[in-house]
Amino acid sequence: MKDRGAGSLRREDVGARVRLAGWVARRRDHGGIVFVDLRDHTGVVQIVLDPDAEGLSAEVVHGLRAEYCIAVAGGVRARPEGTENPDLATGAVEVAVDELEVLSPADPLPFQLDDRVEVDEVRRLQYRYLDLRRPRMAENLVARARAIRTMRRVMDELGFLEIETPTLIASTPEGARDFLVPSRLQPGHFYALPQSPQLFKQLLMIGGVERYYQVARCWRDEDLRADRQFEFTQLDFEGAFWDQEDVLEVLEELAVAVTEELRGVTPRRPFPRLSFHEALERYGTDKPDLRFGMEITDLSDVFAGTGFRAFAEVLAAGGTVRGINAGALGLARSGLDGLVERARALGAKGLVWIVVEDHGELRSPVAKFLDDDERAGLVARLGAEPGDTLLLMADERLLVLEVLGRLRLDLGRPEGHDELAYLFVVDYPVFEPGDDGQLVPAHHPFTAPVDVETMRRNPAEALAKAYDLVLNGTELGSGSVRIHDPAVQAEVLEILGFAPEEAERRFGWFLEALRYGTPPHAGFAVGIDRFVSILRNEPNIREIIPFPKTQSGQDPLTGSPSRVSDAQLAELGIALRPEVLARWAEEAEGSSGE
RNA sequence: GGGGGCGUGGUGAAGUCUGGAGUUCACGCCGGCCUGUCAAGCCGGAGGUCGCGGGUUCAAAUCCCGUCGCUCCCGCCA
């Protein structure tokens, strides 16, 4: 039906006879002559239709409409002098059509297929198959495929074996909420969709694979965000006889290769590294955006003897005073007070703003409480220049860091992702503070601690052999060195709070597997959707996923999730709970009433 | 579960704060004219339950209450 791609035609093709097929991207009907931009997956070329020409029907030619699917044949010719289009790769030529067949007409479209206007996303998802014809989505699909192809090439060159692991697995209560799949053959029993192939890739290490990778679909039934979908894709890999450095080495190679492929630039190696502790101290987060400074500065000593009661009380109680120099914000009073509101919404009791005036005076609601040493100290420590806005907060250390870290992002984060700042965050703690102040595990229970004894005796200080890859303030993925010693694994499970019987019941099979000569191993998983979305400068991962869900977890195109028949439920041994049926009845009532 | 933003012909926006006739702009659609355009041009036309429900008012796109949908964020995501 076609022998060339529309976007492939060049000056060298002049004189050739070609058969093309694609879609009517645009038509310019002059009455006596009709130009059509014919689009296929290779690009666009202008075709010229003369309604009076032999072999063409004037009715058909004038009847062409946007997105008609057509096939044409004709001669490639150079465009007349002065009518070349330098904005088009094929702009030097055009195709003089002498055969035209409408393969499939198109109704008027629900929205226009160019990137000029931002169409409502529900509409786009409802007609995703049309949305995919738009340049933005078409290019994103290509970019995603190229990224994955590049990853496969790198992994293959490094000697990794691509292996698939099951997607119907046993549910485990830790971590994210599982998606459950009812079993028909074992009524009342359920599979879970994997949140990651974690235990299976460790079993592959025990199985002697040594180097495994997989482009793995993962599922997590948690609330959706710009960078989170129910199902997402990871480049998952694991290596035997490995430690952390081997993993980071592979990650750098992968990240550089994919960046070169999609961006045409080569990131500098080695990637910078920050310990978890340092990242938190300087940026208030474990995934700092290093494209800008605005670091958090400790000012506790500056205010050690302060007469400003709000600060003095916090310091006396063992808290801290820290600040950021947000630079020349130029905010009016209402904007500055808005920052205080924002800080309160993030959990702060208060926030102090200070604007440095032209001659160095400090304008602030609390200026009158600060003595000369304190003024000079904070100006010097924050490197404040006239025009700068300084934001200070006093409270318990972690809260101060988190709130200032959020404000730092609000005020300093660049809009797009033109610049790329890769970062490894290493030396994660084993535990993190939970809701009620007690320690909860920060990682899955197969993560190797740096030292089991410290983990037992001083859990708050214990470090794990865990690490993250961060790009522009987004966590691209995380990994760890795994426990390969069954005795250590049993001990870690115990310290993490699993009673021996429970550990045996849940992980006994895995503990046994570790006993048959398990190589030391380590691995990682890269979130492909997030990675590509950043490289493509997209604001969310839905732009990288051909058929994503809305934030409420629905697909406006196919209508999923949907109800199923009683027969289907019966076969699975499932009955819906009364409150669900009551709710349905209520909805039916509401929709049928006038 | 909570907080913010958005919802106006097919599409995108303005109008909403400060109530006064469905008003405006661009694109698209339909018809006509037009042989060198490329976001073709010119002329004409059609197209609306201002998300939905209730309230206030002489009068509601506009104010109030509720609700639905989308989105961003918090919680959640070991």
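Here is how names work: the chains are called A, B, and so on, in the same order as the sequence lines, proteins then strands, and each is numbered from 1. Predicted model, so just to flag it, every value in this text is computed and none were measured.
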**Student:** Given C70(B), is OP1 or OP2 found less than 4.0 Å from the side-chain N or O atoms of Ser552(A)?
**Tutor:**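 Checking C70(B) against Ser552(A), a side-chain N or O does come within under 4.0 Å of OP1 or OP2.
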**Student:** Can you check whether Arg228(A) has a side-chain N or O nearer than 4.0 Å to OP1 or OP2 of G75(B)?
**Tutor:** no
**Student:** Rounded to whole Å, how long is the line connecting atom CG of Asp227(A) with atom C1' of C74(B)?
**Tutor:** 14 Å
**Student:** Any donor-acceptor pair under 3.5 Å between the side chain of Asp223(A) and the base of G75(B)?
**Tutor:**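 By the distance-only test, yes, there is a pair.
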**Student:** Side chain of Val119(A), heavy atoms from C-beta onward: which of G31(B), U37(B), G12(B) has the nearest atom to it?
**Tutor:**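 Selected nucleotide (nearest to the side chain): G12(B).
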**Student:** So with a 6.0 Å cut-off around CH2 of Trp219(A), is the heavy-atom count from everything else above 12?
**Tutor:**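 Yes, CH2 of Trp219(A) has more than 12 neighbouring heavy atoms, counting only those of other groups under 6.0 Å.
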**Student:** Kindly say if Arg342(A) contacts the phosphate of C73(B), meaning a side-chain N or O under 4.0 Å from OP1 or OP2.
**Tutor:**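 So the side chain of Arg342(A) is outside the cut-off, no N or O lying under 4.0 Å from OP1 or OP2 of C73(B).
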**Student:** Does U11(B) have OP1 or OP2 under 4.0 Å away from a side-chain N or O of Arg123(A)?
**Tutor:**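 Yes, because at least one side-chain N or O of Arg123(A) sits under 4.0 Å from OP1 or OP2 of U11(B).
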**Student:** Answer yes or no: does atom CZ of Arg10(A) have more than 12 heavy-atom neighbours from other residues, nucleotides or ligands under 6.0 Å?
**Tutor:** yes
**Student:** Determine the interatomic distance between P on G31(B) and the same-named atom on G36(B); round to the nearest Å.
**Tutor:** 22 Å
**Student:** Just checking Ala345(A): base, sugar-phosphate only, or nothing, at a heavy-atom cut-off of under 4.0 Å?
**Tutor:**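 Answer is nothing: Ala345(A) stays at 4.0 Å or more from every strand.
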**Student:** Is it the case that the base of U71(B) and the side chain of Arg542(A) share a donor-acceptor contact (distance under 3.5 Å, atom types as modelled)?
**Tutor:**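 Answer is no: no donor-acceptor pair is held.
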**Student:** Can you see whether Trp584(A) has Arg563(A) sitting over its ring - NZ or CZ less than 6.0 Å from the centre and within 45° of the normal?
**Tutor:** yes
**Student:** Which of the following nucleotides, C76(B), U71(B), U37(B), is nearest to the side chain of Thr550(A)?
**Tutor:** U71(B)
**Student:** Could you state the interatomic distance from CG (Asp178(A)) to CD (Glu222(A)), rounded to the nearest 0.5 Å?
**Tutor:** 9.5 Å
**Student:** Output the rounded distance in Å from CG (Leu113(A)) to P (G28(B)).
**Tutor:** 13 Å
**Student:** Rounded to whole angstroms, how far apart are CZ on Phe498(A) and P on A78(B)?
**Tutor:** 13 Å
**Student:** Is any N or O donor-acceptor pair between the side chain of Arg77(A) and the base of G36(B) shorter than 3.5 Å?
**Tutor:** yes
**Student:** In whole Å, measure the gap between the P atoms of C38(B) and G22(B) for me.
**Tutor:**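 Here C38(B) and G22(B) have their P atoms 40 Å from each other.
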**Student:** Measure from the side chain of Thr83(A), starting at C-beta and using heavy atoms only, and say which of U11(B), C72(B), C38(B) lies closest.
**Tutor:**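 Taking heavy atoms from C-beta onward, the closest nucleotide is C38(B).
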**Student:** At under 4.0 Å between heavy atoms, what does Arg406(A) touch on the DNA or RNA strands: base, sugar-phosphate, or nothing?
**Tutor:**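 The residue Arg406(A) makes sugar-phosphate contact but no base contact.
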**Student:** Using Watson-Crick or G-U wobble geometry with both distances below 3.5 Å, tell me the partner of C70(B), or none.
**Tutor:**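 Partner of C70(B): G5(B).
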**Student:** Which nucleotide, in any strand shown, forms a Watson-Crick or G-U wobble pair with A26(B), with both distances under 3.5 Å?
**Tutor:**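 U11(B) - that is the nucleotide pairing with A26(B), both distances being under 3.5 Å.
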**Student:** Is there a side-chain polar atom (N or O) of Gln554(A) under 4.0 Å from OP1 or OP2 of C70(B)?
**Tutor:** yes
**Student:** Measuring only the C1' atom in each nucleotide, how far is U57(B) from G69(B)? A whole number of Å is fine.
**Tutor:** 29 Å
**Student:** When the distance from CD of Gln112(A) to P of A26(B) is rounded to whole Å, what number comes out?
**Tutor:**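 These atoms are roughly 14 Å apart.
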**Student:** What is the pairing partner of C63(B), taking Watson-Crick or G-U wobble pairs with both distances under 3.5 Å in any strand?
**Tutor:** G55(B)
**Student:** Please check the phosphate of C72(B) (OP1 and OP2 only) for any side-chain N or O of Gln551(A) closer than 4.0 Å.
**Tutor:**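 Yes, because at least one side-chain N or O of Gln551(A) sits under 4.0 Å from OP1 or OP2 of C72(B).
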**Student:** Just wondering, more than 12 heavy atoms not from Tyr191(A) lying within 6.0 Å of its OH?
**Tutor:** no
**Student:** Test for a donor-acceptor pair under 3.5 Å between the base of G36(B) and the side chain of Glu94(A), counting only N and O atoms.
**Tutor:**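 By the distance-only test, yes, there is a pair.
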**Student:** Would you sort out whether Arg134(A) and Asp114(A) count as a salt bridge (charged side-chain N to carboxylate O under 4.0 Å, His left out), showing the intermediate values?
**Tutor:** CA-CA 6 Å; Arg134(A) 303 166 84 209; Asp114(A) 57 45; 5.7 Å; no
**Student:** Please report the distance, rounded to the nearest Å, between CD in Gln195(A) and P in A78(B).
**Tutor:** 7 Å
**Student:** Which of these nucleotides, U11(B), C38(B), C72(B), is closest to any side-chain atom of Asn85(A)?
**Tutor:**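 Selected nucleotide (nearest to the side chain): C38(B).
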**Student:** Look at the aromatic rings of Phe276(A) and Tyr428(A) and report parallel, tilted or perpendicular, splitting at 30° and 60°.
**Tutor:** tilted
**Student:** Heavy atoms only, 4.0 Å cut-off, all strands: where does Glu118(A) land among base, sugar-phosphate and nothing?
**Tutor:** sugar-phosphate
**Student:** Sticking with atom C1', work out how far C29(B) lies from C74(B), rounded to a whole angstrom.
**Tutor:** 44 Å
**Student:** Select one nucleotide: of A78(B), C74(B), C72(B), the one nearest the side-chain heavy atoms of His444(A).
**Tutor:** A78(B)
**Student:** Parallel, tilted or perpendicular: which fits the ring planes of Phe446(A) and His444(A), with parallel below 30° and perpendicular above 60°?
**Tutor:** tilted
**Student:** Tell me which residues in residues 20-35 of chain A put a heavy atom below 4.0 Å from RNA chain B, sorted by number, or none.
**Tutor:** Arg26(A), Arg27(A), Arg28(A), Asp29(A), His30(A), Gly31(A), Gly32(A), Ile33(A), Phe35(A)
**Student:** Given that Val117(A) and Glu84(A) both sit by RNA chain B, which one's nearest nucleotide is further toward the 5' end?
**Tutor:** Val117(A)
**Student:** Exactly one of Val340(A), Ile324(A), Val403(A) should register a side-chain contact (heavy atoms from CB on, under 4.5 Å) with Leu391(A). Which one does?
**Tutor:** Ile324(A)
**Student:** Could you report the tightest heavy-atom contact between Ser560(A) and Lys549(A), atom names first, then the distance?
**Tutor:** OG-CE, 3.9 Å
**Student:** Give me the distance, rounded to whole Å, that separates G45(B) from G3(B) when you measure between the C1' atoms they each carry.
**Tutor:** 48 Å
**Student:** When the C1' atoms of U18(B) and U62(B) are considered, how many whole Å apart are they?
**Tutor:**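 Nearest-Å result for U18(B) against U62(B) at atom C1': 10 Å.
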**Student:** As a test of reading the structure: which of C72(B), A78(B), C76(B) is closest to the side chain of Glu432(A), going by heavy atoms?
**Tutor:**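 From the listed options, A78(B) comes nearest.
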**Student:** Can you tell me the distance, in whole Å, between the CZ atom of Arg39(A) and the C1' atom of C38(B)?
**Tutor:**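 Arg39(A) atom CZ is separated from C38(B) atom C1' by 15 Å.
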**Student:** Heavy-atom nearest nucleotide on RNA chain B for Asp52(A) versus Asp114(A): which residue maps closer to 5'?
**Tutor:**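 On the 5' side of the pair lies Asp114(A).
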**Student:** To the nearest Å, how far apart are Leu130(A) CG and G28(B) C1'?
**Tutor:**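 Result: 14 Å.
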**Student:** Counting side-chain heavy atoms from C-beta on, which of C73(B), A78(B), C70(B) comes nearest to Arg220(A)?
**Tutor:**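 Of the candidates, A78(B) comes closest.
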**Student:** Touch check for Pro441(A), heavy atoms < 4.0 angstrom, all strands: base, sugar-phosphate only, or nothing?
**Tutor:** sugar-phosphate
**Student:** What integer number of Å spans the C1' atoms of A59(B) and G51(B)?
**Tutor:**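 The answer is 23 Å between these two C1' atoms.
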**Student:** Would you classify Pro556(A) as touching base, sugar-phosphate or nothing, given that sugar-phosphate means primed atoms plus P, OP1 and OP2, and contacts are heavy atoms under 4.0 Å?
**Tutor:**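 Nothing, no heavy atom under 4.0 Å.
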**Student:** Taking any heavy-atom pair under 4.0 Å as a contact, classify Arg177(A): base, sugar-phosphate, or nothing.
**Tutor:** nothing
**Student:** Which of these, Arg536(A), Arg136(A), Arg530(A), sits in a salt bridge (charged side-chain N to carboxylate O under 4.0 Å, His left out) with Glu543(A)?
**Tutor:**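 Result: among Arg536(A), Arg136(A), Arg530(A), Arg136(A) is the only option passing the salt bridge (charged side-chain N to carboxylate O under 4.0 Å, His left out) with Glu543(A).
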**Student:** Strictly distance-based, threshold 3.5 Å: is any side-chain N or O of Thr90(A) a donor or acceptor partner for the main-chain N or O of Leu9(A)?
**Tutor:** no
**Student:** Picking from C73(B), C38(B), U11(B), which would you name as closest to the side chain of Asp37(A)?
**Tutor:**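 In terms of side-chain proximity for Asp37(A), the closest of C73(B), C38(B), U11(B) is C38(B).
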**Student:** Roughly how far apart, to the nearest Å, are A14(B) and C6(B) at atom C1'?
**Tutor:**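 Their C1' atoms lie roughly 15 Å apart.
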